[in-house]
Amino acid sequence: MTGFRETSVTVPGDGNAARRRLAGHLVGSGIEIGPGQHPFRLLPPGVNVRLVDRWQLDERRQLAQELGGGTSGKLEAAARYVEPDIIADFNTDRLAPIPDASQDFVIASHVLEHLSEPIGLIAELHRVLRPGGVALILLPDRQRTEDRFRSPTSLEHLVAEYRAGVTDVSDAHLTEFLKDRGKRLKGSPEQRRRTLDGLRKQSIHVHCWNAQEFAPVLLWGIEYLGEQWEFVDGCLYEPPIHYEFGFVLRRSESEMEPSARSRQFEESWRTWRGAEIRRRPEAAGHTPRHLLPAWAYRQARRLVRQYRLPAWAYREASQVVRRSRGRLRTARRHMRGHTEKP
C-alpha cells in the first residue's frame, strides 16, 4: 500500500469535542504511528495521513492464531486492524523509515504506554517533524483506567532505560503488569518463559501516567536531548472520552537554549492546565485516599483484580461516588448562582 489517505471531519463515531479541537492544529501531510484497530479519524478536510505500524495484516492474523489458539474472536479482532502504509517496530526501528524533517504532523494516540522505551520514540517524533510541525500525543490517564492501582512509571526509570538502549519489554515490567491484573506467574521455568514471551507480543500497558506525571518526560527531552518543543494545546478529562489526556506540541522554528526552552514549555503548560482546572474543576483528577492499612489495601486490590463479585462491587461503589460528587458540584454551582444575585 502506498500514497496518502485523505480523511475528513465527517467520519462517524468521532464526535468528541476535545479530539476535534486538538485535530484542528493538524495541517498538511503527516503520519500516524500505531493506529491498530482505531486510527485517528477526526482530521480536518484536506489533511493527508499515512499509517505506520508494526505488522502487516497477515502477520497480525498469524500472531492472533498463535496467541489465541485460532479462536474466531481473536481472528476477527485481527481482521479489524487497518493495513499500514509503512512497517516499523517502534521498539527497535523506531521511525527509521521516515526521513528527517519530512512531516507536517505526527499522531501518536495511545502508543507510548505500550513501548519498551518511550523517551527514544518521542525524540523520533521531534526528528521527523519539519520546523513548525506538530505532534499530537494522546495517552490513557492511569487514574481513570485499569491502571488505577498501579504506580506511575518514574522519570528516573524511563531515563535509565533510554540510556541503556532498551529495545524489549523487560520481564520485570511484564511481571508487574500480571501482578496488578491479579494474575500470578506460575509453572516451571519453561512455562513461565512462554507466558512472558507471549505477553511481550501483546499490546499491554508497560507504562502508565496521568498528565502531571507525563509532563516531566517531555521536559527532560527538551533539557537533555535538545528537543525544541513548544506547548500548543492539550486535553484533560473531557467526556465522552474521559479516560485520556493529550498534548499538542510544536517543533519550534527557532532555536532556544535548552534550559530556557524547558522553562518556557513548563510555564505554558502550567498556565494552560491552571486555566482548564479553573474552568472545569473535575479536570484536576483525583488522588485516591487510602483509608485502609497498607496490608488491607493490598488484599482489597487483589480481590478486585481476581474475582468478579468484588470487581462488580467496586464498580458499583465507584459509580455511586461519582454520581454523588456530580450532584454535590451541581448543588454548589446552584448555590453560588443564588448568592451572586443582587
Side-chain angles (χ1 to χ4, degrees), residues 1 3-11 13-55 80-91 93-115 118-141 203 207 209 211 214 217-218 221 227 229-236 238 241 243-251:
M1 237 180 186
F4 284 97
R5 308 174 185 196
E6 183 170 324
T7 59
S8 79
V9 75
T10 59
V11 174
D14 276 325
N16 178 261
R19 286 189 166 200
R20 188 183 307 112
R21 186 186 73 247
L22 300 186
H25 297 286
L26 306 178
V27 296
S29 299
I31 58 173
E32 178 179 0
I33 65 172
Q37 300 180 52
H38 306 289
F40 189 93
R41 303 276 187 192
L42 197 64
L43 300 176
V47 169
N48 301 304
V49 62
R50 288 185 294 176
L51 306 180
V52 186
D53 217 332
R54 184 176 181 180
W55 291 293
R80 288 196 295 270
Y81 281 83
V82 180
E83 185 81 30
D85 301 297
I86 300 169
I87 299 297
D89 185 328
F90 306 131
N91 287 325
D93 306 328
R94 293 181 176 166
L95 297 181
I98 312 299
D100 294 357
S102 61
Q103 305 300 310
D104 295 317
F105 65 85
V106 179
I107 301 169
S109 177
H110 294 251
V111 173
L112 297 177
E113 71 273 17
H114 298 286
L115 302 182
I119 288 179
L121 191 69
I122 296 171
E124 284 286 273
L125 304 186
H126 187 272
R127 177 185 68 79
V128 304
L129 283 171
R130 298 186 179 98
V134 165
L136 169 54
I137 297 175
L138 295 169
L139 291 160
D141 187 326
S203 188
H207 310 286
W209 309 272
F214 183 74
V217 180
L218 299 173
E227 295 164 5
W229 291 125
E230 298 173 351
F231 177 78
V232 177
D233 201 353
C235 65
L236 299 169
E238 296 190 38
I241 306 180
Y243 52 80
E244 72 181 11
F245 62 90
F247 288 80
V248 177
L249 313 174
R250 179 184 294 115
R251 179 177 174 175

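Nothing fancy with the numbering, it's 1 onward along the sequence.
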### Task
Can you label the angle between the H207 ring and the W209 ring as parallel, tilted or perpendicular, going by 30° and 60°?
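Aromatic pair H207/W209 classed parallel.
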### Query
Parallel under 30°, tilted from 30 to 60°, perpendicular over 60°: which one fits the rings of F247 and F214?
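Ring orientation, 0 to 90° scale: tilted.
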Under 3.5 Å, side-chain donor or acceptor atoms of residues 131-138 against the rest of the protein: list the pairs with distances, not counting sequence neighbours.
none

Give the minimum heavy-atom separation between [X] and [Y], together with the two atoms involved.
X: I87; Y: P97; value: O-CG, 3.8 Å
X: A96; Y: E124; value: N-OE1, 3.9 Å
X: P99; Y: S102; value: O-OG, 2.8 Å
X: D85; Y: R50; value: OD2-CA, 3.4 Å
X: A23; Y: L42; value: CB-O, 2.8 Å
X: L26; Y: I107; value: CD1-CD1, 3.8 Å

### Contacts of V27 that satisfy side chain to side chain contact (heavy atoms under 4.5 Å, CB included) - sequence neighbours left out
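If we apply the side chain to side chain contact (heavy atoms under 4.5 Å, CB included) test to V27, skipping adjacent residues, there are no hits.
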### Query
Sequence neighbours excluded, which residues qualify as side chain to side chain contact (heavy atoms under 4.5 Å, CB included) partners of N91?
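N91 satisfies side chain to side chain contact (heavy atoms under 4.5 Å, CB included) with D89, L115, S116 only.
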Spatial distance of atom [atom1] ([X]) from atom [atom2] ([Y]) [nearest 0.5 Å]:
X: Q103; Y: L95; atom1: CD; atom2: CG; result: 9.0 Å
X: H38; Y: H110; atom1: NE2; atom2: NE2; result: 10.5 Å
X: L236; Y: E238; atom1: CG; atom2: CD; result: 7.0 Å
X: W229; Y: L129; atom1: CH2; atom2: CG; result: 5.0 Å
X: D53; Y: I31; atom1: CG; atom2: CD1; result: 11.5 Å
X: L139; Y: F245; atom1: CG; atom2: CZ; result: 4.5 Å

Between [Y] and [X], is there a side-chain heavy-atom distance shorter than 4.5 Å?
X: R127; Y: R94; result: no
X: I98; Y: V106; result: no
X: R19; Y: F40; result: yes
X: L22; Y: C235; result: yes

### Candidate pair L121 and I33, rule side chain to side chain contact (heavy atoms under 4.5 Å, CB included), full reasoning
CA-CA 10 Å; L121 191 69; I33 65 172; 3.6 Å; yes
### Query
Within the side chain of D141, is there an N or O that forms a donor-acceptor pair under 3.5 Å with the backbone of A211?
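Not at all, since once roles are kept as given, no pair shorter than 3.5 Å links the two residues.
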#### Entry: R251 (side chain) donor-acceptor with H126 (main chain) under 3.5 angstrom
yes
